[in-house]
Each structure stands twice: as structure tokens, then as C-alpha cells.
Amino acid sequence: MRQIRALAVDDSAAMRGAIVDVLRAVPGCVVVGEAANGVEALELAGALHPELVVLDVHMPVMGGMEALRALKCKLPCAHVVMVSTAFEPETRQHALNLGADACLEKGRELWNGLPTL
């Protein structure tokens, strides 16, 4: 079975842990790193070359949208799933326009949607 290298990015340690739990439940998915903001995500992505990045929209230091733009330049083939407590239609569309593969709301949508990607 082919392994999928994943990076979980959220400023909340509890939410990061929950994302990691969901990712570990996906067959073949290996969590290679965790980050608390966009700057850390970019550093880890450059070193670890994940194929999947689960990225929170709202974080301190560097938010998810800015990190998404830089990630797609650095790792254009990486799949990025944006997560947020709520997505306004404009925010969801903006993330997709920047190259996100999916936008999932934290909670049931994330827990049910992430394993099917």
C-alpha cells in the first residue's frame, strides 16, 4: 500500500491532535509533522515534503491563506485541505482559487470528509 505523507497545521494543540487522529485512521496515511502556524508549516513542508497538508485558515504569525499560497509555490503537487470553524462562501472560493483541494469545516464535515479525500 502506498503511503501518504501528511502535515497537520492548526494553532490549537487540541485541534491538531484531533486532525492527527483522523489522518492516522486513513489507510496508508502517515503523519510526518505538526505545525502551529503558517511559518512553521512552510519550514516543515520544505523539509518533510508532505503530499497532504491539512491547514487551518485562522492562525497567528501567518494565517492559512498566506501559507496556502506559499505552499502551492513550494510544493505544487501537494494536496491542501483548508479547515475552519465556519466557511463563508467567499472564503471557501478564495481558498479554492489559491489552490486548495478542499475546504472542510471543523467538526462532523472534517471527521467525515477527510478520510474520503
Side-chain angles (χ1 to χ4, degrees):
M1 174 182 281
R2 183 180 165 287
Q3 288 191 335
I4 301 166
R5 299 168 53 82
L7 175 63
V9 186
D10 198 295
D11 58 315
S12 163
M15 183 54 66
R16 242 185 357 263
I19 291 168
V20 167
D21 288 345
V22 173
L23 288 168
R24 287 187 176 143
V26 175
C29 190
V30 176
V31 178
V32 295
E34 298 180 38
N37 59 60
V39 172
E40 290 178 12
L42 291 172
E43 289 172 3
L44 286 175
L48 301 172
H49 304 283
E51 296 154 317
L52 172 63
V53 179
V54 179
L55 183 61
D56 186 20
V57 171
H58 303 287
M59 296 180 292
V61 183
M62 178 189 287
M65 293 298 195
E66 187 178 352
L68 169 62
R69 188 181 336 236
L71 272 170
K72 293 310 278 187
C73 288
K74 183 177 282 210
L75 298 171
C77 294
H79 296 282
V80 180
V81 176
M82 301 299 291
V83 297
S84 183
T85 53
F87 271 104
E88 295 294 326
E90 305 82 35
T91 304
R92 184 180 301 265
Q93 190 58 55
H94 183 57
L96 294 171
N97 289 346
L98 289 175
D101 294 280
C103 297
L104 301 175
E105 290 187 3
K106 294 177 182 176
R108 180 168 287 155
E109 187 176 56
L110 175 61
W111 315 141
N112 294 333
L114 198 53
T116 64
L117 294 175

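Starting from 1, each residue takes its place in the sequence as its number. Keep in mind that this is a model prediction, so the values were computed, not measured.
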Which pairs count as salt bridge (charged side-chain N to carboxylate O under 4.0 Å, His left out) when at least one residue sits in residues 23-40, sequence neighbours excluded? Arg16-Glu34

Residue pairs, two or more places apart or on separate chains, that pass salt bridge (charged side-chain N to carboxylate O under 4.0 Å, His left out) and touch residues 73-82: none

Glu43: which residues meet the side chain to side chain donor-acceptor pair (under 3.5 Å) condition with it, sequence neighbours left out? none

Taking all non-hydrogen atoms of both residues, which atom of Pro76 and which atom of Cys73 are closest, and how far apart? CD-O, 3.9 Å

Results of side chain to side chain contact (heavy atoms under 4.5 Å, CB included) for [X] - residues two or more places apart only:
| X | value |
| --- | --- |
| Leu23 | Ala6, Ala8, Ile19, Cys29, Val31, Leu52, Val54, Leu114 |
| Thr85 | Lys106 |
| Leu75 | Ala45, His49, Pro50, Ala78 |
| Glu88 | Glu90, Thr91 |

Per the side chain to side chain donor-acceptor pair (under 3.5 Å) rule, what does the pair list look like for residues 59-72, sequence neighbours excluded? none

Would the distance check show the side chain of Glu51 and the main-chain N or O of Arg5 forming a donor-acceptor pair, the cut-off being under 3.5 Å? yes

Could you check whether any side-chain heavy atom of His79 comes within less than 4.5 Å of a side-chain heavy atom of Val81, counting everything from C-beta outward? no

Quick one: name the residues clustered hydrophobically with Val80, using the 4.5 Å side-chain heavy-atom rule over I, L, V, M, F, W, Y, and just say none if it's on its own. Leu7, Val9, Val30, Val32, Val39, Leu42, Leu44, Leu48, Val53, Leu55, Val57, Met59, Val61, Met62, Met65, Leu68, Leu71, Met82, Phe87, Leu98

